J.: 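This is the structure I want to talk about, given as structure tokens.
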Amino acid sequence: SADCVLSNESVLFTCFRTSSPKRRQKTRKEQKERKWEEERSTDGSKWRFLEHKGPVFAPLYEPMPDKVKFYYDGKPMKLSAPAEEVATFFAKMLDHEYTTKDIFRKNFFKDWRKEMTSEEKTKITDLNKCNFSEMNEYFKAQSEARKQMSKEEKQKIKEENERLLQEYGFCLMDNHKERIGNFRIEPPGLFRGRGDHPKMGMLKRRIRPEDIIINCSKDSKHPKPPPGTKWKEVRHDNKVTWLASWTENIQGSIKYIMLNPSSRIKGEKDWQKYETARRLKKCVDRIRTQYRDDWKSKEMRIRQRAVALYFIDKLALRAGNEKEEGETADTVGCCSLRVEHIKLYPKMDEQEYVVEFDFLGKDSIRYYNKIPVEKRVFKNLQLFLENKQPEDDLFDRLNTSILNKHLQELMDGLTAKVFRTYNASITLQQQLKELASDDSLPAKILSYNRANRAVAILCNHQRAPPKTFEKSMQNLQTKIDEKQNQLSAARKQLKAAKADHKASHDDKSKKAVELKRKAIQRIEEQLMKLQVQATDREENKQIALGTSKLNYLDPRISVAWCKKWDVPIEKIYNKTQREKFAWAIDMAEKDYEF
DNA sequence: ATTGAGACTTGATGGGAGGGGC
DNA sequence: GCCCCTCCCATCAAGTCTCAAT
């Protein structure tokens, strides 16, 4: 386990220098991908030179045409521009369930009133008496009109967007032109939290140049604020990676403009993340032995730590930081689990010592799972639950800071989330091994998706079944049925052609037989493809693959798998993903081992 | 130890571009 | 050539984790 103590930094440099001698032969790539090979500073600075044009602001508010009326208590009422703007935010959402929720309405009305003139404030005292329906219809008509635009008009908009992208969407960092992730400032609107958010409906205010801190290098051409405005500050901090920041008014947190995942600075960090997970691989046995041992500790805090770590490792739970009550939706992770979130069953069906988890995790996504645990874990949990109320913490002697401090001692750079990365990637690698086959290309891709799916299930990456799911499934089934009919029809034709040939023995009929054979083969292939598609889609109904693919799976595993099985990388990663994983595509050979 | 600011990663969602099937 | 449907991508919220002040 000496490997475990190596710092990330040294591993990084080692990899850069030794990883891929073959790259020498790649000519086009070589010029493009040089950035992965450059020396990195060791003093914590993230760049030496940074130049950009600053953010793009949200378009200014365009007042409603006079004919579009707002009604209060049944009577038309002209609103002041600021009040009208906020009213339109609500009007746009009228069809959404949000606007029927009490908290949403309350928060909205409170913030809306702040934008009103004193007369408006006196007059408008009850949201229930407000009628936004004309505004709502106006916006619907607008979006309809947008859809109906001519090709030329659409083209013009596209070109304008492209121009904006070219001008503001890139920066110069050290020697590379890099794509910026989010160069557009978020427009004002009504805050929509996820789940039961106490702040839903609050006004997300418009961001002005005076709110923006610019970060760039001193010797660069500084971005200019729009005419007549000033930046809040221009600083030159090369210990951070962001280009601009502002404080958002709902939670008071800072938002950033940063580079695209394809950038050197993000790619390297991503790479480093997987290298840390690989170091965990080398010492995970030792760590597991230790936490199992700690289940027997005479100290309560150590037992809690050990059981929590077991959950994080086995179930890929998130760390679970504490949250300020009333500021966000009530969600939890491992360390913040409460008594009410688990149930213990000494016996359930055929199994012993079953723990049932039921809680809301990140984004208020429900985590529901029943798992049998070892007796010692079960007994510990019973102990932790003693004399507690449902709303008490399960791990009252533990938090993420204590846990991570402990993990840091076990391995340099180890934190709770590394287990998620490690378990996700190792699961993919194992599954791909098991699923390896010399099947057709679609079958191989189904295998890959299944491996990906196993990870998504582990990480509880869910999605709402697409609204059109049932219908599109039916459509697919219809296609399959049709294809099957086509196949039997083709088979009959082949039979007939054969009979024909037998009778005549001429060249023409021989050719006909061959043609029919080919046709059948083609139809069979098409049918297979459809069936694979159906299986894949059905299994994917409530599972989202994207998040794990993008954030948890070491891309080198996938690249290697593609090389090994002769699957074009394009079948696994789309263009954006290939850009993000350029470093891995460049680096991994077919024998790569996570 | 506790708190909070700050920086950065991870997450679900929905609109719309564009590709495939008829 | 049209339409439908898929998938891509932007969006922006919500996590994790570090660091420094108290």
Side-chain angles (χ1 to χ4, degrees), chain A residues 44 46 58 96 143 146-147 149 154-155 157-158 161 165 169 181-187 189 191-195 197 199-200 204 213 215 237 239-242 245 247-248 250-261 265-266 269-270 272-273 312 318-324 327-329 331-336 360-365 399-405 407-408 413-421 424 456 459-464 466-469 471-472 475-476 479 482 526 530 533 537 543-552 573-577 579-580:
Chain A
K46 309 284 171 65
H96 204 288
S143 89
R146 218 169 310 127
K147 274 183 211 153
M149 274 188 309
K154 282 186 182 168
Q155 184 61 26
I157 292 175
K158 212 177 151 188
N161 276 329
L165 173 67
N182 54 328
F183 59 94
R184 289 168 197 273
I185 300 273
E186 296 170 18
F191 176 81
R192 314 143 80 131
R194 294 184 195 281
H197 199 116
K199 298 195 172 184
M200 62 167 79
K204 217 172 77 167
I213 301 173
N215 193 32
D237 181 359
K239 298 281 192 287
V240 296
T241 67
W242 51 268
S245 74
T247 302
E248 152 270 352
I250 303 291
Q251 312 283 357
S253 64
I254 308 169
K255 298 232 174 177
Y256 302 92
I257 291 184
M258 291 187 187
L259 295 192
N260 185 279
I265 213 158
K266 294 285 184 193
K269 199 77 192 298
D270 205 33
Q272 184 185 320
K273 173 180 80 186
I312 285 171
R318 297 187 187 83
N321 285 310
E322 298 101 298
K323 306 165 73 184
E324 213 176 328
E327 292 291 300
T328 58
T331 62
V332 297
C334 185
C335 293
S336 50
L360 297 182
K362 183 176 177 179
D363 292 320
S364 293
I365 298 292
N399 61 40
T400 54
S401 156
I402 295 170
L403 179 65
N404 280 335
K405 216 164 270 163
L407 292 176
Q408 179 58 42
L414 187 61
T415 62
K417 86 188 186 81
V418 179
F419 281 88
R420 247 166 106 83
T421 313
C459 294
N460 199 39
H461 290 142
Q462 298 189 28
R463 63 167 184 174
K467 289 191 178 64
T468 55
F469 185 84
K471 210 183 94 206
S472 84
N475 287 350
L476 196 55
K479 273 188 197 168
E482 280 169 8
Q526 287 167 340
L530 285 173
Q533 211 179 52
R537 195 181 298 176
I543 315 285
L545 302 186
T547 301
S548 50
K549 201 172 185 179
L550 239 46
N551 299 300
Y552 289 103
Y573 292 136
N574 68 35
K575 186 163 159 287
T576 318
Q577 293 165 340
E579 279 164 12
K580 165 164 176 162

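This structure is a prediction, so every number in the text was calculated from the model and none was measured. Each chain gets a letter, A, B and so on, in the order its sequence line appears, and its residues count up from 1.
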J.: Tabulate protein N/O versus nucleotide N/O from nucleotides 15-21 of chain B, keeping only pairs under 3.5 Å, one per line.
T.:
| from | atom 1 | to | atom 2 | distance (Å) |
| --- | --- | --- | --- | --- |
| B:dG18 | OP1 | A:K158 | NZ | 3.4 |

J.: If you take all heavy atoms of A:F191 and A:K199, which pair is closest and at what distance?
T.: CD2-O, 3.5 Å
J.: Taking atom P of C:dA13 as reference, at what distance in whole Å does atom CD1 of A:I185 sit?
T.: 13 Å
J.: Side chains of A:K323 and A:S336: is there a donor and an acceptor less than 3.5 Å apart?
T.: no
J.: Is there side-chain contact between A:R192 and A:H96, with heavy atoms separated by less than 4.5 Å?
T.: yes
J.: Under 4.0 Å between any heavy atoms, over every strand shown, what does A:G320 touch: base, sugar-phosphate, or nothing? Just pick one.
T.: sugar-phosphate
J.: Treat primed atoms plus P, OP1 and OP2 as sugar-phosphate and everything else as base, then score nucleotides 2-10 of chain B 5' to 3': B for base contact with protein heavy atoms under 4.0 Å, S for sugar-phosphate contact only, - for none.
T.: ----SBBSB
J.: Can a side chain N or O of A:N574 be found less than 4.0 Å away from OP1 or OP2 on C:dC8?
T.: yes
J.: Without decimals, in angstroms, what is the distance between A:I257 CD1 and C:dA10 C1'?
T.: 14 Å
J.: Examine C:dC12: is either OP1 or OP2 under 4.0 Å from a nitrogen or oxygen in the side chain of A:K255? Give yes or no.
T.: no
J.: Using whole Å, what does the distance between atom P of nucleotide C:dC8 and atom CD of A:Q577 come to?
T.: 7 Å
J.: Are there more than 12 heavy atoms of other residues, nucleotides or ligands under 6.0 Å from atom NZ of A:K575?
T.: no
J.: When you measure from the side chain of A:D270 to the backbone of A:K266, do you find a donor-acceptor pair of N or O atoms at a distance under 3.5 Å?
T.: no
J.: Output all residues satisfying side-chain contact (heavy atoms from CB on, under 4.5 Å) with A:C459, sequence neighbours left out; order by chain, then residue number.
T.: A:R420, A:A424, A:V455, A:H461
